[in-house]
There are 2 protein chains.
Amino acid sequence: MNVISTKSKEDKVNTITEMCKLFQVSARTLRFYESKELLFPIRKGQHRLFTKSDRGRMKLIMQGKRFGFSLEEIRQLLNLYNFGDHRTRQIKQTYQLGLKRLCSMEQQRKELGIAIKDLKTQLQLCKDLLVKRGADSKDL
Amino acid sequence: MNVISTKSKEDKVNTITEMCKLFQVSARTLRFYESKELLFPIRKGQHRLFTKSDRGRMKLIMQGKRFGFSLEEIRQLLNLYNFGDHRTRQIKQTYQLGLKRLCSMEQQRKELGIAIKDLKTQLQLCKDLLVKRGADSKDL
DNA sequence: GTTAAACTTAACGTAAACGTCAGAACATTT
DNA sequence: AAATGTTCTGACGTTTACGTTAAGTTTAAC
């Protein structure tokens, strides 16, 4: 109906169930994240509507969780992606935190690489033993 | 006193407080891990003594935790590093699990690389804004 | 216009991973 | 032998991150 459909993708908002399907989480989880100030859905009356900003934040939240960060640790960093509407002083703090987080993530990446290598070695040893014990190679 | 000191480093056992200092965890944590069958300290009377095997396991536990794995997930994989004393059938299972875990760790490493890159970009944007707002560059 | 579907708040429950005592046993120092 | 230090086994408490009803409200369908 709108002749001027202004960037439908950018402006699109999602209901809570749509968000659930998008990110494979429960409604409770989304409400919980809002209560912890990780998401800021707008309201249409009483109902929540999730914006592009929320979708971006959710992606980061899911990522952070996979890497073993707590929700609180994630929340602190999220401000880095919405810094437009904050005071200079707070942006500076978030920036500093971002630098630290970057360091620890690079460290984690290194360690992960080593752990992967170790695991490979261990798997080979394990495989050798199984073969020696007469296991059928095709089973592995 | 022992003329033949048989590899003191390998055979060395640690009291619980020594282990606490070694790995920067509480005694409760070590006992908890034992109750969950992640560690198997030997006993001298009532007291626990942690062996080289326990030290190795602890290292893997700490690593696993940093990567965001649960204690149960870690426990299952730990058997991979002590497979000598298990039945072939169980070793096969652990081996299969190890392969899967390896996959997800490599996946995680990839994602971590991307996340690091994104974070760097975002930090740069943030820095630009701060400079534009007249922040002293040396503060950053 | 009412019934059903989707959504809401509020409150209690739960699993994981420990923290924090209490009370007793054992070991060591003095 | 008495005091001190270390360790032990419960057992209850706590935080994080949600799950799970319950009971009411709003929106969409018929």
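Every chain is numbered from 1 and lettered A, B, ... according to where its sequence line falls, protein lines coming before strand lines.
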Checklist entry - Taking C-beta and beyond as the side chain, do C103(B) and Q107(B) meet within less than 4.5 Å on heavy atoms? => result no

Checklist entry - Within the structure shown, what part of the strands sits under 4.0 Å from R48(A) by heavy-atom distance: base, sugar-phosphate, or nothing? => result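 Result for R48(A) = sugar-phosphate.
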
Next on the checklist: Regarding K65(B), tell me which of base, sugar-phosphate or nothing describes its non-hydrogen contacts under 4.0 Å with the strands shown.
Outcome noted: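 K65(B): backbone/sugar contact only, no base atoms under 4.0 Å.
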
Extract from the structure each pairing of a protein N or O with an N or O of nucleotides 20-24 of chain D at less than 3.5 Å, listing the distance.
none

Next on the checklist: Quick check with a 6.0 Å cut-off and a 45 degree axis cone: is R101(B) positioned over the face of F69(B)'s six-membered ring?
Outcome noted: yes

Checklist entry - Considering heavy-atom distances to DNA chain D, does F69(A) or A27(B) have its closest nucleotide positioned more toward the 5' end? => result A27(B)

Checklist entry - Taking the nucleotide of DNA chain C with the closest heavy atom to each, which residue, S70(B) or I16(A), is nearer the 5' end? => result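 Counting from the 5' end, the first nearest nucleotide belongs to I16(A).
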
Checklist entry - Less than 4.0 Å between a side-chain N and a carboxylate O, is that true for E72(B) and R75(B)? => result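 Looking at R75(B) and E72(B), the cut-off is met.
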
Checklist entry - When you check the gap from the basic side-chain N to the acidic O, do R55(A) and E18(A) get nearer than 4.0 Å? => result no

Close N or O pairs between protein and nucleotides 2-4 of chain C (under 3.5 Å):
none

Next on the checklist: dC18(D), OP1 or OP2 - any side-chain N/O from Y33(A) closer than 4.0 Å?
Outcome noted: yes

Checklist entry - Just by modelled atom types, is the N79(A) backbone N or O under 3.5 Å from a matching donor or acceptor in the Q90(A) side chain? => result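 The answer is no, because no donor-acceptor pair under 3.5 Å joins these two groups.
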
